[in-house]
Amino acid sequence: MDYVLPNELVDGMIAAGGKKSTVSIKNLMVRGFYSGAILGLATCLAITVGIQSGMPFLGSVIFPFGFASIVLFGMELVTGNFALLPMATWAGKSSWRNTFRNWTWVWIGNFLGTFLVAVLLSISLTSGGNVDPLAAAEGGKGWAVVAAKIIALNKTNVLTKYEALGSTGFFLAFLRGVIANWLVCLGVTMALVSKSVPGKLLACWLPITAFQTMGMEHIVVNMFLHTAGPLMGSGIPFYKVIFWNFLPVTLGNVIGGMVFIGMLFYSTHRTKMSNVLPTVHDEKLERELAAELGAR
C-alpha cells in the first residue's frame with residue numbers, strides 16, 4: 001500500500017527523529033547547507049514569478065519545489081526537525097542534548113546555505129553592483145526590480161511589522177513563526193504519509209503554498225531575505241535582523257513544530273513498535289523501513 005496508517009506514521013517519525021539525532025556534524029552541516037541554499041533559490045524564484053506575472057500567489061505555488069527536493073533527497077531542514085527530534089526524545093530514542101545538538105548544527109548549516117545564495121544573487125540581481133535596485137524599481141526595468149522587492153521585504157519584516165511595534169511586534173513575529181512551522185511540519189508529515197514520489201509531492205505541496213501565501217514567518221526563508229536585503233543596500237543593521245526577526249521567528253517555529261505537530265501526533269497515535277510490525281521475520285519490510293528511515 002502507498003498509504004501509511006497514522007500509528008505507522010508516528011512510529012516512523014519517532015524512528016526518523018532518533019536516526020537524525022545520531023547524524024554526524026559534517027552531514028548535518030552538508031545537508032543543512034543544501035536545504036538553506038535551495039530554499040534561498042526557491043524564495044527568489046517565487047518573488048521573481050510573482051513580479052513578472054503580477055500574481056504573487058503564482059510565486060507561492062512554485063515555491064514548494066525547493067521543500068519537495070529536501071524531502072525527497074533526505075536533507076536537513078531545522079524547522080522539520082523541531083517536530084521530529086522531540087518526538088524521538090519523548091519516546092526514549094534520543095535525548096534533549098542530542099536534540100539541541102541537531103537543531104544548532106542544522107540551523108548553522110541552513111544559514112550558511114542561504115548566505116551563499118544571498119551573496120550570489122545580490123551580485124547577479126544588481127549586475128555586480130552596477131545597477132541601483134531602487135532606481136531600477138522606479139523604472140520597472142531588469143532583474144534589479146527583484147532586488148528592490150527583496151530590500152522592501154527586508155525593511156518591512158524587520159522595521160515596519162516588528163521593531164516599530166515594540167514588544168507587540170516581537171510577539172507578532174513569534175506568533176507568525178508558530179503558524180508558519182505548523183504548516184511546514186504539516187507538509188513534512190503529509191509527505192511521510194505516502195511512499196511514492198507523486199504522493200509525497202502532492203501531499204506536501206499545499207501546506208507549503210499556504211504558509212507562503214499567508215505571509216507567515218519561516219526562519220530559513222528569512223535567513224535568505226534578511227541577509228540578501230542588507231547585502232543589496234537596505235541599510236538594516238544585522239543586530240536588528242537577529243533581534244526583531246531571527247530570534248522570535250526561530251522560537252515560534254520551535255513551538256509550531258514541536259507542539260502543534262510533534263506533541264499532538266505523539267499524544268494521540270503513539271503505539272509500541274511491536275503493535276505495528278508483524279511478529280514473523282519479513283526481510284522485504286525491513287529493507288523498506290531501512291530505506292524509508294535511512295533517507296531522513
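Computed over heavy atoms, backbone and side chain alike; hydrogens, waters and symmetry mates excluded.
Shortest non-hydrogen contact noted between D2 and S196 is OD1-N, 2.9 Å. Taking each heavy atom of G177 and N253 in turn, the nearest pair found is O-ND2, 2.6 Å. The minimum heavy-atom distance linking G32 with N110 is given by the pair O-ND2, 2.7 Å. For the residue pair P133 and A147, the shortest heavy atom distance occurs at CB-CB, 3.8 Å. V10 and Y266 make their closest contact through CG1-CA, 4.3 Å (heavy atoms, listed as atom of the first residue, atom of the second, distance). The minimum heavy-atom distance between V71 and A191, with the atom names listed, is CG1-CB, 3.8 Å.
Note on V30: it does not cluster hydrophobically with V78, by side-chain heavy-atom contacts below 4.5 Å among ILVMFWY residues. Under a hydrophobic clustering in which Ile, Leu, Val, Met, Phe, Trp and Tyr are joined whenever their side-chain heavy atoms come within less than 4.5 Å, directly or via other members, V197 and I208 fall into the same cluster. Placement of V146 and L58 within a single hydrophobic cluster is found when ILVMFWY residues are connected by side-chain heavy-atom separations under 4.5 Å, directly or transitively. Hydrophobic clustering keeps L206 apart from W182 (ILVMFWY residues linked when any side-chain heavy atoms are closer than 4.5 Å, directly or through intermediates). Cluster membership check: V249 shares its hydrophobic cluster with F100, using side-chain heavy-atom separations under 4.5 Å among Ile, Leu, Val, Met, Phe, Trp and Tyr.
With a 4.5 Å cut-off on side-chain heavy atoms, N102 and V23 do not count as touching. Annotation: side chain of T89 is not in contact with side chain of K93 (no heavy-atom distance under 4.5 Å). Here the side chains of T126 and W143 are not in contact, with every heavy-atom distance at 4.5 Å or above. Between S194 and Y3 there is no side-chain heavy-atom pair separated by less than 4.5 Å. The shortest side-chain heavy-atom distance between M190 and P207 falls under the 4.5 Å cut-off. Looking at heavy atoms from C-beta onward, F63 lies in side-chain contact with T43 at the 4.5 angstrom threshold. The side-chain heavy atoms of L84 and K20, taken from C-beta on, include a pair separated by under 4.5 Å. In this structure, V4 and L192 have side chains that are not in contact, with every pair of non-hydrogen atoms separated by 4.5 Å or more.
Of the possible polar contacts, none joining the T268 side chain to the F265 backbone as a donor-acceptor pair under 3.5 Å is found. Under the 3.5 Å distance criterion, the side-chain polar atoms of Q212 are left unmatched by any main-chain donor or acceptor of T209. No donor-acceptor pair under 3.5 Å is formed between the side chain of S127 and the backbone N or O of I123. With hydrogens and angles disregarded, no donor-acceptor distance shorter than 3.5 Å links the side chain of S94 to the backbone of S21. Under a 3.5 Å cut-off, the side chain of S95 and the backbone N or O of N98 do form a donor-acceptor pair.
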Trace of the side chain to side chain contact (heavy atoms under 4.5 Å, CB included) decision for L45 with F65: CA-CA 10 Å; L45 175 64; F65 90 88; 3.6 Å; yes
Residues F115, F224; criterion ring pair (Phe, Tyr, Trp, His ring centres under 6.0 Å); working and verdict: CA-CA 6 Å; F115 179 78; F224 167 72; over 10 Å; no
Side chain to side chain contact (heavy atoms under 4.5 Å, CB included) assessment of L183 paired with M214: CA-CA 11 Å; L183 290 167; M214 293 165 65; 3.9 Å; yes
Side chain to side chain contact (heavy atoms under 4.5 Å, CB included) assessment of I47 paired with I150: CA-CA 8 Å; I47 292 171; I150 292 173; 3.8 Å; yes
Residue pair M29, L112: steps toward the side chain to side chain contact (heavy atoms under 4.5 Å, CB included) verdict: CA-CA 9 Å; M29 293 283 285; L112 292 176; 3.7 Å; yes
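In this structure, CG in L231 is found 10.5 Å from CG in L120, a value given to the nearest 0.5 Å. Rounded to the nearest 0.5 Å, atoms CE (M258) and SG (C185) are 11.0 Å apart. Expressed to the nearest 0.5 Å, how far CG of L159 lies from NZ of K240 amounts to 6.0 Å. Once rounded to the nearest 0.5 Å, the distance linking CD1 of I25 with CD1 of I108 reads 9.0 Å. Between the CZ atom in R176 and the CE atom in M216 there is a gap of 6.0 Å [rounded to 0.5 Å]. Once rounded to the nearest 0.5 Å, the distance linking CG of L186 with CZ of F211 reads 12.5 Å.
With F67 as reference, V188 is the one residue of V188, T79, L72 to meet the side-chain contact (heavy atoms from CB on, under 4.5 Å) rule. For the side-chain contact (heavy atoms from CB on, under 4.5 Å) test with W107, the passing option among V220, T250, L28 is T250; the others fail. Exactly one of I151, V158, N245 qualifies for a side-chain contact (heavy atoms from CB on, under 4.5 Å) with I236. That residue is V158.
Under the 30°/60° scheme for interplanar angles, the aromatic rings of W96 and W90 are found to stand perpendicular. Ring geometry for F246 against H226 counts as tilted: the plane angle lies between 30° and 60°, on a 0 to 90° scale. Under the 30°/60° scheme for interplanar angles, the aromatic rings of F243 and F170 are found to be tilted.
Counted within 6.0 Å of CH2 on W103, heavy atoms from surrounding residues, nucleotides or ligands total more than 12; the atom is thus considered enclosed. More than 12 heavy-atom neighbours from other residues, nucleotides or ligands sit within 6.0 angstrom of NZ on K161.
In summary, the aromatic rings of Y162 and W244 are positioned with their centroids too far apart to meet the 6.0 Å limit.
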